[in-house]
Amino acid sequence: MQPADTDLQAVEPVEEVGVKESPKPAFQSASINFVKEGKEVVAAQGANLRIKAIENQVDLYTFGGKLMNCGGAGQCGTCIVEVVEGMENLSPRTAFEERKLKKKPASYRLACQALVNGPVSVKTKP
Ligand code: FES
């Protein structure tokens, strides 16, 4: 039995109407300036600050933190950095940071909890 002609009809492409958005770039970058180390690092937007530091051999931890840290789980509070510039380009403080950094200056962040969305300058081990 032959299929009916209507089963094989091609679908005509529908012409798009309305305002077209300009295509977004596939990769948006953010730069991280590690002030003490004199290192400028380019990261993908939304990159984790602790991971970018480790990837670029930037030492975040003091002696105690090196011996015992939570590996970025937001539990130990040893990955503190001071944000010198670009605080507005980091993700908001997490609930854990609010607790752990309660008595610290507002410019302090936990690197493992901060996502980078634009240019920032940070000091490690403040
Ligand atoms: S590595 Fe433990 S809180 Fe950031």
> For the atom pair SG (Cys79) and CD (Gln113), what is the distance rounded to the nearest 0.5 Å?
Replying inline: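 With rounding to 0.5 Å, SG (Cys79) is 7.0 Å from CD (Gln113).
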> Atom CD in Gln75, atom CG in Asn69: separation rounded to 0.5 Å?
Replying inline: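 CG of Asn69 is found 12.0 Å from CD of Gln75.
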Heavy-atom side-chain contact between [X] and [Y] under 4.5 Å:
X      : Y      : answer
Leu90  : Asn117 : no
Lys123 : Ser107 : no
Leu60  : Val81  : yes
Glu37  : Thr124 : yes
Ile80  : Pro126 : yes
Phe34  : Leu49  : yes
Asn33  : Val120 : no

For [X] versus [Y], what's the shortest heavy-atom pair and its separation?
X      : Y      : answer
Ala106 : Met87  : O-CE, 3.2 Å
Cys76  : Lys100 : O-CE, 3.4 Å
Arg109 : Pro92  : NH2-O, 3.4 Å
Gly72  : Cys112 : CA-CB, 3.6 Å

> Is there a donor-acceptor contact under 3.5 Å linking the side chains of Arg93 and Tyr108?
Replying inline: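 No, no side-chain donor-acceptor contact under 3.5 Å.
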>> Please determine whether side chain to side chain contact (heavy atoms under 4.5 Å, CB included) holds for the pair Leu115 and Asn48, giving the CA-CA distance in whole Å, both sets of side-chain angles, and the decisive distance to 0.1 Å.
In response: CA-CA 5 Å; Leu115 304 179; Asn48 180 286; 4.2 Å; yes
>> Walk me through whether Tyr61 and Met68 qualify under side chain to side chain contact (heavy atoms under 4.5 Å, CB included).
In response: CA-CA 9 Å; Tyr61 298 107; Met68 213 166 7; over 6 Å; no
> Do you know which of Asn89, Val35, Ile32 makes side chain to side chain contact (heavy atoms under 4.5 Å, CB included) with Ser121?
Replying inline: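 The option that passes is Val35.
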>> Assess the residue pair Asp59 and Lys66 against the criterion (side chain to side chain contact (heavy atoms under 4.5 Å, CB included)); give the C-alpha distance rounded to whole Å, side-chain angles, the decisive distance to 0.1 Å, and a yes or no.
In response: CA-CA 9 Å; Asp59 190 9; Lys66 280 188 189 98; 2.9 Å; yes
> Val58, Val116: one ILVMFWY side-chain cluster at the under-4.5 Å cut-off?
Replying inline: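 Yes.
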> Can you name the residues that form a side chain to side chain contact (heavy atoms under 4.5 Å, CB included) with Glu55, not counting sequence neighbours?
Replying inline: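 Partners of Glu55 under the side chain to side chain contact (heavy atoms under 4.5 Å, CB included) test: Ile51, Lys52.
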>> Using a 3.5 Å distance criterion without hydrogens, assess whether the side chain of Gln28 forms a donor-acceptor pair with backbone atoms of Gln45.
In response: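 No.
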